[in-house]
Amino acid sequence: MPLQVYNTLSKQKEAFVPLEPGKVRFYVCGVTVYDYCHIGHARSAIVFDVIYRYLKRGGYEVTYVRNFTDIDDKIIRRANETQGDYREIADRFIAAFYQDMDALGVLRPDLEPRATDHIPQMIELIETLVAKGVAYQSGTDVYFRVERFPDYGKLAGRSLDDMLAGARVQVDEHKQNPLDFVLWKGSKPGEPFWDSPWGPGRPGWHIECSAMSNQLLGRTFDIHGGGKDLIFPHHENEIAQSEAATGVPFVRYWLHNGFVNINNEKMSKSLGNFFTIRDILETTHPETLRLFVLSKHYRSPVDFSDEALQEAERGLERFYNTLATVATRATADPNQAFADSALTAQDGELFERTGHLAELFTAAMDNDFNTAQAIGHLFELQRTLQRFLDRFGQKKLKGAAAHLAAQAGAALVEHAGVLGLLKRRPEQFALELRRLRVHQTGISEAAVEAAIERRREARERKDFAESDRIREELLAQGVILEDSPQGTRWRIRARHDEA
RNA sequence: GGCGGCAUACCCAAGUGGUAAGGGAGCGGUCUGCAAAACCGUAAUUCACCGGUUCAAAUCCGGUUGCCGCCUCCA
């Protein structure tokens, strides 16, 4: 079964067939850089990052483009508020964007064009539209004439009549039709501007994606992604501009991710109910946020809450705990080879599951990127592996057993990696998680280590009263101890454990 | 007003015609000096409700109810 993707344009799942065999041209609407990103942006970035990784793993040569909108009214307003230049605002928030995305493990796209570097291409595109009579100048602005594009509304599934009947359409004296949208805006004195055939001004929002995708990916390309809220008017307008200008189909597959909700309501800047990525990462491991996002299908809404995040973190700890056990107790000698029969003899189910993971994982992902199901398969292998490890008690595994366990662990890491998960070494993850949580409790790591050492001495002389007293004391401060033959590990209690 | 989406156990969630994945929480057990972690066992005769199609429906069709989104900047 080849890759199936849900196409917003056809409103159904379709077999994915790229324009040119073996190559995928992929464009995702990036952010307007006037503020810090919130977790809605994180979801979009993570979802398309996984799609990008999966396409590459499938052997496609992918050209992934994600733009920065670095000129727009909000940026100008922000610059005016801070008495600064719009370019400083844009640069600052692009830097912040990279910090957030890098922290989340989101890969950099192949190309990241900035709108202001492509003004000539936009002007050229607008000129073409004017020459064709699909766009007109009105005052110092240029508008797109929606009535001249018969397919207008095909992405959003509405007709012009439907939309005109809507109560919210505002009449604008510059527009011939209230649904006409701006391609070029004349600048007011003091505002940033570029010279154009229609006087000094700046591009409208929609035109940049048409101009840049056209230049970098061609007139028709394979995938265009973005949040559901961009379907109308942004993507609808991109189609209108692009197809009116080129006369060929703009995009073959439109992919849209669902929203992040807070208390079942859309999180958005305008509602003010948003959390920034950097705020969340103060207390939450980045892979936790990734697992949380990918535990739901990308098109469904997801409700964000501290509890939901904690649940995801518990699951992530489970994976890493198993990997940690493999690392310490099942170190396989890479020079030693074993026959399948020897491995099957150790644990037939584990051997089977390890071998079938690729198939199950691919089947899930091929079904419109069903990451939730793919993660379910990862958990199944994790549980089987952990069960196998437990059979040996605290002993180290040797020979075929160690080999089988190591192989299962490697399969887990490899597939989780396509989702951008389990990218760390287990001890590194434990350390990072502990650091995040230690930060919240106010205890120092050194103090904990010292207490553990005192407890170790007490346990050595079988003074369990003292040993337990120390453990209780630490627990009261949120520190949980885990004894093992390799020594005592410690971690900070997750917040929901306190109840 | 127009258009669209969703409703699966205590919670999150996959499943789109063949007899309910997975995670979290809870409870019982194993292990442990005692714990923690981990493992084992345990939960929906049922998928909002009503009706229909079918040998067979959570999955398809019609209706009802509830929630959400888009139509305005928005991932």
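Every value quoted in this text rests on a predicted model; they were computed, and no experiment measured them. Chain naming here is simple, since letters A, B, ... match the order of the sequence lines and numbering starts at 1 in each. Values below: all heavy atoms of this structure, side chains included; hydrogens, waters and symmetry mates excluded.
For the P atoms, the distance linking B/A58 with B/A38 amounts to 35 Å, nearest Å. Taking atom P in both B/A36 and B/A13, the straight-line distance is 29 Å, to the nearest Å. Nucleotides B/A9 and B/U46 are separated by 10 Å at their C1' atoms, to the nearest Å. With P as the reference atom, B/U59 and B/A25 are 32 Å apart, rounded to whole Å. On the C1' atoms, B/G23 is 25 Å away from B/C68, given to the nearest whole Å. Nucleotides B/A57 and B/G29 place their P atoms 41 Å apart, quoted to the nearest Å.
Between A/Y36 and A/F93, the ring-plane angle classifies as perpendicular under the 30° and 60° cut-offs. Aromatic ring orientation, A/F304 versus A/F275: tilted (interplanar angle from 30° to 60°). Using the six-membered ring where Trp is involved, A/F68 and A/F97 have ring planes that are perpendicular, over 60° apart on the 30 and 60° scheme. Below 30°, between 30° and 60°, or above 60°: for A/W254 and A/H235 the angle between ring planes is between 30° and 60°, a tilted geometry.
Each of A/R78, A/K74, A/R77 was compared with A/D35 under the salt bridge (charged side-chain N to carboxylate O under 4.0 Å, His left out) criterion, and only A/R78 meets it. Of the options A/R387, A/Q382, A/E317, a side chain to side chain contact (heavy atoms under 4.5 Å, CB included) to A/T322 is made by A/Q382 and by none of the others. Remark: of the listed residues A/R424, A/E313, A/E287, A/E313 is the sole one forming a side chain to side chain contact (heavy atoms under 4.5 Å, CB included) with A/L433.
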For Watson-Crick and G-U wobble pairs within 3.5 Å on both distances, what is RNA chain B written in dot-bracket notation, | included for inter-strand pairing? ((((((((.[[[..)..(...]]].(((((.......))))).....[[[[[..)....]]]]])))))))....
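Pairs passing the ring pair (Phe, Tyr, Trp, His ring centres under 6.0 Å) check and including a residue from residues 452-471 of chain A, sequence neighbours excluded, do not occur. Within the structure, the side chain to side chain donor-acceptor pair (under 3.5 Å) test picks out no pair touching residues 356-365 of chain A (sequence neighbours left out). Residue pairs meeting the ring pair (Phe, Tyr, Trp, His ring centres under 6.0 Å) criterion with at least one partner in residues 309-328 of chain A, sequence neighbours excluded, are A/F319-A/F379, A/Y320-A/F429.
Shown here is A/K462, whose NZ atom has no more than 12 heavy atoms of other residues, nucleotides or ligands within 6.0 Å.
RNA chain B is contacted by A/F379, A/E380, A/Q382, A/R383, A/Q386, A/R387 of residues 378-387 of chain A, taking any non-hydrogen atom closer than 4.0 Å. Scanning residues 98-113 of chain A for heavy-atom distances under 4.0 Å to RNA chain B yields an empty list. Taking a 4.0 Å limit (strictly below) on heavy-atom distances, residues 318-329 of chain A reaches RNA chain B at A/R318, A/N321. Using a 4.0 Å cut-off on heavy atoms, the residues of residues 35-45 of chain A that approach RNA chain B are A/H38, A/G40, A/H41, A/S44, listed by number.
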Would you mind building the protein contact string for nucleotides 3-8 of chain B? One character per nucleotide, 5' to 3', B for base within reach (heavy atoms under 4.0 Å), S for sugar-phosphate only, - for untouched. S-----
Using a 4.0 Å heavy-atom cut-off to protein, can you give one letter per nucleotide of nucleotides 27-33 of chain B, 5' to 3': B if the base is in contact, S if only the sugar-phosphate is, - if neither? ------B
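Using modelled atom types, one finds a donor on one side chain and an acceptor on the other under 3.5 Å when comparing A/Y98 with A/E112. Side-chain atoms of A/E208 and A/T69 include a donor-acceptor pair closer than 3.5 Å. Of the N and O atoms on the side chains of A/E432 and A/Q428, at least one donor lies less than 3.5 Å from an acceptor on the other residue. Under 3.5 Å, the side chains of A/Q241 and A/N237 contain no donor-acceptor pair of N or O atoms. No hydrogens or angles considered: nothing links the side chains of A/H415 and A/H377 as a donor-acceptor pair under 3.5 Å.
Within the 4.0 angstrom heavy-atom criterion, base atoms lie near A/F259. When heavy atoms are screened at a 4.0 angstrom cut-off, A/A308 is found touching no nucleic acid atom at all. Residue contacts for A/G225: at a heavy-atom cut-off of 4.0 Å it reaches no nucleic acid atom on any strand shown. Residue contacts shown for A/N257 include a base, since a base heavy atom lies under 4.0 Å away. Heavy atoms of A/L481 sit under 4.0 angstrom from at least one base atom.
Taking 4.0 angstrom as the limit, A/N261 places none of its side-chain polar atoms (N or O) nearer than this to OP1 or OP2 of B/C68. Within the structure, a side-chain polar atom (N or O) of A/R314 is placed less than 4.0 Å from OP1 or OP2 of B/A25.
Across B/C11, B/A75, B/C73, the shortest atom-to-atom separation from the side chain of A/V260 is found for B/A75.
Contacts of A/D100 classified as side-chain hydrogen bond (donor to acceptor under 3.5 Å, both in side chains), with partners at least two apart in sequence or in another chain: A/R278. Residues forming a side-chain hydrogen bond (donor to acceptor under 3.5 Å, both in side chains) with A/S305 (at least two apart in sequence, or on another chain): none.
Atom-to-atom, CD1 of A/I375 to P of B/G15 comes out at 13 Å; the value is rounded to the nearest Å. One interatomic measurement links the two molecules: NZ of A/K266 to C1' of B/C67, which rounds to 17 Å at whole-angstrom precision. The CG atom of A/N264 sits 10 Å away from the P atom of B/C67 (whole-angstrom rounding). In this structure, CG of A/L291 is placed 13 Å from P of B/A13, rounded to the nearest angstrom.
The cationic atom of A/K269 (NZ for Lys, CZ for Arg) lies less than 6.0 Å from the six-membered ring centre of A/F274 and within 45° of the ring axis.
Between A/F181 and A/Y143, the gap from one ring centroid to the other reaches at least 6.0 Å. For A/F250 and A/F221, the gap between ring centers is short of 6.0 Å.
Between A/D73 and A/R202 there is a salt bridge, since a side-chain N of the basic residue sits under 4.0 Å from a carboxylate O of the acidic one.
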